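Before any comments, here is the structure.
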Amino acid sequence: MSPKSGTPKKNLMLFSGRAHHELAEEVAKHLNVTITPQTAHTFANGELFVRFEESVRGTDAFVIQAHTTPINEYVMEQLIMVDALKRASAKRITVVMPFYPYARQDKKHKGREPISARLIADLFKTAGADRIMTVDLHTAQIQGFFDGPVDHLMAQTVLADHIKETYGNADITVVSPDSGRVRLAEKWAQQLGDRPIAFIHKTRDPDKPNQAVANRVVGKVQGKLCVLIDDMIDTGGTIVKATEALLEEGAADVVIATTHGILSDPATERLSQCKAREVIVTNSLPIPDEKRFPGLTVLSIAPMLAEAIQQVFEDGSVTSLFDGNA
């Protein structure tokens with residue numbers, strides 16, 4: 001008996017959780033696809049239910065979800081979506097999480113603590129994810145927590161292009177909010193045209209989350225436009241204290257640039273009252289109107305996500321999108 005030949009074909013399907021539908025719609029527009037319709041609802045006791053309205057058999061599935069408040073509910077929703085796709089015979093499932101949940105718990109500071117970032121990776125692998133796509137991880141080592149390909153995208157290019165366009169002629173110094181992000185500051189400095197760098201020497205009590213003490217500025221910032229970078233702003237305490245320290249040291253002005261605007265209370269109040277000229281974030285997380293304030297600029301990462309998804313779908317190179325630095 002001779003085998004029957006077939007014509008293999010690939011179909012890209014995009015699926016969206018309920019956390020940040022605006023970003024998913026923008027990504028879909030750039031990909032020239034529509035988000036696959038689904039039924040999703042929450043039972044009275046909090047259980048989640050998801051069912052897709054179209055066949056997904058053999059498809060290359062991309063499941064996008066923003067992990068915002070309530071973060072545990074949205075993590076569970078994305079896990080259930082992945083499980084549903086696996087059981088419906090999707091050929092490959094890529095989890096797109098612009099903000100990796102629990103990324104700050106990437107190591108043990110003391111005994112008897114969890115490494116929750118690894119747990120998240122294990123959960124998605126067990127659910128059926130073949131690949132993870134994420135943006136600006138808190139630490140690069142998290143890529144190794146997932147047993148499979150991880151596409152670590154960098155929003156630095158989006159943020160840096162805005163700064164070059166807006167402040168390109170200024171005397172810029174790139175400032176890291178702590179010594180641990182000096183390497184990232186060096187990359188920023190290079191992208192902005194070989195600018196000098198500085199950092200804030202600070203202490204943090206691991207028993208008191210969201211609290212930091214800015215000690216002193218290391219580097220020359222007097223008379224400079226300081227571009228203060230970080231991967232996320234949660235309550236805003238660290239970044240506001242760093243801004244104050246820079247201005248006290250004689251900085252001409254401060255521009256804050258960060259990828260993930262978590263903006264938990266009282267971040268909006270703190271940032272709106274601090275003396276930074278501009279606060280720049282991306283739309284990796286939804287930022288509702290009540291969290292916005294004058295001086296806040298929100299840049300879209302949808303074109304970057306769409307291009308990365310297209311490259312993965314076509315078995316192309318994601319690294320090439322970032323000049324080989326991904």
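None of the values given here were measured: they were computed from a predicted structure. We number each residue from 1, following the sequence as shown.
- Contact check on Arg183 versus Glu186 returns a salt bridge, with a Lys/Arg side-chain nitrogen under 4.0 Å from an Asp/Glu carboxylate oxygen.
- A distance of 3.5 Å separates CD1 in Ile256 from OG1 in Thr243, rounded to the nearest 0.5 Å.
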Subject >> Working for salt bridge (charged side-chain N to carboxylate O under 4.0 Å, His left out), residues Asp253 and Lys275 >> reply: CA-CA 8 Å; Asp253 225 331; Lys275 296 180 180 179; over 6 Å; no
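- Checked against the 6.0 Å centroid threshold, Phe43 and His41 count as a close aromatic pair.
- Under the 4.0 Å criterion applied to side-chain N and carboxylate O atoms, Arg292 and Glu290 are not assigned as salt-bridge partners.
- In this structure, a donor-acceptor pair under 3.5 Å is absent between the side chains of Thr259 and Asp231.
- In this structure a side-chain-to-backbone donor-acceptor pair under 3.5 Å is missing from His162 to Thr157.
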Distance-only criterion, 3.5 Å: show the donor-acceptor pairs between side-chain atoms of residues 219-230 and protein atoms not counting sequence neighbours.
| unit_1 | atom_1 | unit_2 | atom_2 | d |
| --- | --- | --- | --- | --- |
| Lys224 | NZ | Asp171 | OD1 | 3.2 |
| Lys224 | NZ | Asp171 | OD2 | 3.3 |
| Asp230 | OD1 | Arg181 | NE | 3.2 |

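- Side-chain atoms of Ser89 do not come within 3.5 Å of backbone N or O of Arg57 as any donor-acceptor pair.
- Of the possible polar contacts, one joining the Thr258 side chain to the Met232 backbone as a donor-acceptor pair under 3.5 Å is found.
- By the rule that hydrophobic residues join a cluster once side-chain heavy atoms approach within less than 4.5 Å of another member, Met13 and Val50 end up as members of one cluster.
- Within a 6.0 Å sphere centred on CD of Glu53, other residues, nucleotides and ligands contribute more than 12 heavy atoms.
- No side-chain donor from either of Thr59 and Asn11 sits under 3.5 Å from a side-chain acceptor of the other.
- Salt-bridge formation is not detected for the pair Lys9/Asp60: no Lys NZ or Arg NE/NH1/NH2 atom is positioned less than 4.0 Å from an Asp or Glu carboxylate oxygen.
- Residues Phe15 and Phe62 keep their aromatic ring centres 6.0 Å or farther apart.
- Between Val75 and Ile120, the closest side-chain pair of non-hydrogen atoms falls below 4.5 Å.
- Pairing each heavy atom of Ala61 with each of Ala90, the nearest pair is CB-CB, 4.4 Å.
- Val217 and Ala245 make their closest contact through CG2-O, 3.8 Å (heavy atoms, listed as atom of the first residue, atom of the second, distance).
- Looking only at side-chain heavy atoms (C-beta outward), Leu79 and Phe124 come within less than 4.5 Å of each other.
- Listed for the Glu25 side chain is no donor-acceptor partner under 3.5 Å among the backbone atoms of His21.
- Between Gln65 and Pro98, the shortest heavy-atom contact is O-CD, 3.4 Å.
- Using modelled atom types, one side-chain atom of Asn283 and one backbone atom of Ile301 make a donor-acceptor pair closer than 3.5 Å.
- Distance check, rounded to the nearest 0.5 Å: CD of Glu278 to CG of Leu296 gives 8.5 Å.
- Tyr167 and Arg277 get closest at one heavy-atom pair: CE2-NH1, 3.1 Å.
- In this structure, Ile64 and Met97 have side chains that are not in contact, with every pair of non-hydrogen atoms separated by 4.5 Å or more.
- Judged by distance alone, the side chain of Glu307 and the main-chain N or O of Leu321 form no donor-acceptor pair under 3.5 Å.
- In summary, Lys164 and Asp161 engage in a salt bridge, as defined by a charged side-chain N under 4.0 Å from a carboxylate O.
- Considering CD of Glu244 and CD of Glu248, their distance stands at 6.5 Å, rounded to 0.5 Å.
- Enclosure of atom CG in Asp315 by more than 12 non-hydrogen atoms of other residues, nucleotides or ligands within 6.0 angstrom is indicated.
- The shortest distance between side-chain heavy atoms of Leu153 and Val318 falls below 4.5 Å.
- Other residues, nucleotides and ligands contribute more than 12 heavy atoms inside 6.0 Å of the CD atom of Glu54.
- Counting heavy atoms from C-beta outward, Val63 and Val96 have side chains that stay 4.5 Å or more apart.
- Under the 3.5 Å distance criterion, with hydrogens and angles disregarded, a donor-acceptor pair is assigned to the side chains of Tyr102 and Asn72.
- The aromatic ring centres of Tyr74 and His67 sit 6.0 Å or more apart.
- Of all heavy-atom pairs spanning Ile35 and Ala28, the tightest one is CG1-CB, 4.0 Å.
- Residue Thr282 holds its OG1 atom at 8.0 Å from CG of Asp136, rounded to the nearest 0.5 Å.
- The distance from the CE atom of Met304 to the OG atom of Ser284 is 8.5 Å, given to the nearest 0.5 Å.
- Side-chain N or O atoms of Glu269 include none that pairs as donor or acceptor with a backbone N or O of Pro266 at under 3.5 Å.
- Panel note: side chain Arg270, backbone Thr235; a donor-acceptor pair is recorded below 3.5 Å.
- Heavy-atom minimum distance, Trp188 versus Ala257: CH2-CB, 4.0 Å.
- At distances below 3.5 Å, at least one donor-acceptor pair connects side-chain atoms of Ser317 with backbone N or O atoms of Ser320.
- A salt bridge does not link Lys125 to Asp130: none of the charged nitrogens lies less than 4.0 Å from a carboxylate oxygen.
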Subject >> Step-by-step side-chain contact (heavy atoms from CB on, under 4.5 Å) determination, Phe145 to Val150 >> reply: CA-CA 9 Å; Phe145 292 174; Val150 176; over 6 Å; no
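- Under the 3.5 Å distance criterion, the side-chain polar atoms of Thr69 are left unmatched by any main-chain donor or acceptor of Ile71.
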